Amino acid sequence: MEMLEPMLAAHPFLQGLDSRHLKIVAECASKVNFNAGEFLLREQEEAGRFYLINAGQVAVEIFRARGGPVAILTLGEGEALGWLWFDKPYHWHFDARAVHLTRALALDVKALMQRCEQDHELGYALMKRYAHLLAVQFRVMMLQLVDFYGK
Amino acid sequence: MLNSLADPMLPTPFRVLKVNRETGDTFTLTLEPPKGAPPFAFAPGQFNMLYVFGVGEIPISISGDADKPETLVHTVRAVGAVSRAVCGLKKGEALGVRGPFGVPWPVAAAPGWDVLVIAGGLGLAPVRPAVYHLLARRPQYGNLELIYGARTPEDLVFRRELERWRGRFDFRVHVTVDTAKGDWRGSVGVVPNLISRTRFDPAQTMALICGPGVMMRFTVQELLNRGVKMENIYVSMERNMKCGLGLCGHCQLGPVFVCKDGPVFSYDRVRDWFLMREV
């Protein structure tokens with residue numbers, strides 16, 4: 001777990017989080033690897049873990065019954081995967097699949113939520129970061145909707 | 001800048017040497033000057049007026065290599081009567097050329113600096129000569145990166161060249177699309193979002209941007225957020241150029257004529273007009 005704290009501290013998502021909180025987050029974290037093609041999240045699955053990506057690339061996809069998967073976003077080094085894990089009904093809305101070999105830190109959602117309930121300062125620090133992440137994603141999605149490179 | 005051709009209002013008939021289909025509606029034409037004419041000297045970022053005899057004339061940026069002036073290269077998307085006629089030309093047919101016109105990318109003014117080249121859609125064509133220039137003089141620059149976005153993988157132009165550039169160790173290339181099916185191995189997302197994946201020293205970075213207005217607007221904003229100075233951000237503006245000499249006024253944008261004072265402007269020079277909705 002000691003090894004995880006520096007890795008968590010170095011990830012842009014948790015940058016600036018104080019050492020006491022980093023230690024708590026580290027208790028909920030583990031290192032994971034995904035080979036190309038392996039799923040990190042599946043639509044409708046329980047939101048058990050979200051991911052801080054250290055290396056590689058992940059495609060967030062929507063599966064269409066006739067057309068197959070369509071990638072709507074890719075995430076890479078320094079980015080976080082898994083939105084709305086703290087919102088009911090606590091399941092994923094999209095698929096996410098490794099495009100290349102991907103290394104990440106997985107954070108256990110239930111354990112983390114429990115720690116946030118116990119320590120509201122930690123909860124606030126994480127929610128601030130999540131609000132920023134969601135704002136960025138929201139803006140990106142809006143730009144994708146306007147036909148950015150339109151003719 | 002002086003024009004390569006003697007009378008700037010008189011089109012010179014070039015001959016089509018080769019036509020490459022880039023996407024469903026976009027073509028790259030390689031043109032040859034008339035026999036005995038001097039090589040067509042131009043600077044990266046300049047444009048020509050292309051005249052399809054009997055149809056009309058349109059401004060098109062030069063997409064070829066300024067270090068190879070023996071031929072002239074233009075990449076055109078078929079969207080209107082003239083551009084459709086240009087794209088329909090066959091090998092051996094003639095096309096009138098006036099130019100080159102306009103202010104080029106200031107690539108020579110950035111020795112030692114990091115350079116970000118950022119393009120969206122067909123905007124890769126006007127910056128391609130700048131990329132050729134930078135790569136041909138690679139040791140003179142710091143970190144070089146290209147960010148290129150398109151709607152889908154099928155809409156990417158210069159695909160083979162992009163793959164070749166990606167293979168270089170001294171040039172980072174980021175390609176992104178809005179949506180993609182399962183076999184796409186690149187990024188999905190918008191161009192401004194990829195700026196966070198690039199490496200540069202904001203104090204010594206020059207950014208060259210070309211693409212649709214909305215893409216340039218949000219890209220400029222992201223670069224400013226990351227500390228790049230306004231005067232080091234260059235945008236290529238598109239307006240209704242007609243004469244190419246700043247005489248007719250068709251391409252006026254506030255106090256400037258895009259054909260003569262641009263199409264490349266530093267952002268600080270056009271910021272007020274860039275953000276104005278009525279012009």
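In this text the structure is predicted, and so the values were computed from the model without any measurement. So you know, we letter chains A, B, ... as the sequences are listed, proteins then strands, and number each from 1.
Residue A:Val60: no heavy atom, backbone or side chain, is found under 4.5 Å from chain B. Interface remark: A:Arg97 contributes no atoms to any contact with chain B (heavy atom separation under 4.5 Å). Only the side chain of A:Glu79 comes within less than 4.5 Å of a heavy atom in chain B; its backbone stays farther off. When heavy atoms are compared at a cutoff of 4.5 Å, B:Asn193 approaches chain A solely by way of its side chain, counted from C-beta outward. When heavy atoms are compared at a cutoff of 4.5 Å, A:Leu145 does not approach chain B at all.
Nearest heavy atoms, B:Arg185 versus A:Val99: NH2-O, 2.8 Å. Heavy-atom minimum distance, B:Arg197 versus A:Gly76: NH2-N, 3.8 Å.
Counting non-hydrogen atoms of neighbouring residues, nucleotides and ligands closer than 6.0 angstrom, the NE2 atom of A:His100 exceeds 12 such neighbours. For A:Phe39, the CZ atom counts as densely surrounded, since its 6.0 Å shell holds more than 12 non-hydrogen atoms of other residues, nucleotides or ligands. Around atom CZ of B:Arg160, no more than 12 heavy atoms belonging to other residues, nucleotides or ligands sit under 6.0 Å away. By the 6.0 Å contact criterion, CZ on A:Arg115 is enclosed, its count of non-hydrogen atoms from other residues, nucleotides or ligands being greater than 12. For A:Gln137, the CD atom sits in a packed shell: over 12 heavy atoms of surrounding residues, nucleotides or ligands are nearer than 6.0 Å. Counting non-hydrogen atoms of other residues, nucleotides and ligands closer than 6.0 Å to CD of A:Glu121 gives a total of 12 or fewer. Counted within 6.0 Å of CZ on B:Arg199, heavy atoms from surrounding residues, nucleotides or ligands total 12 or fewer; the atom is thus considered open.
B:Thr152 has its side chain out of reach of A:Tyr149: every pair of non-hydrogen atoms, C-beta onward, lies at least 4.5 Å apart. Using a 4.5 Å heavy-atom threshold, the side chains of B:Val188 and A:Gln144 count as touching.
Interatomic distance, A:Asp147 CG to B:Asp178 CG, rounded to the nearest 0.5 Å: 7.0 Å. Put simply, CZ on A:Arg139 and CD on B:Gln221 are 8.5 Å apart, with the number rounded to the nearest 0.5 Å.
Of the residues considered (B:Gly121, B:Pro212, B:Gly213), B:Pro212 shows the highest number of contacts with chain A, using heavy-atom pairs under 4.5 Å. Between chain A and the residues B:Pro192, B:Gly189, B:Gly149, the most heavy-atom pairs under 4.5 angstrom are made by B:Gly149.
Checked options A:Leu73, A:Val70, A:Ile62; the residue passing with B:Thr179 is A:Val70 (criterion: side chain to side chain contact (heavy atoms under 4.5 Å, CB included)).
In this structure, the side chain of A:Gln57 engages the main chain of B:Gly186 through a donor-acceptor pair within 3.5 Å.
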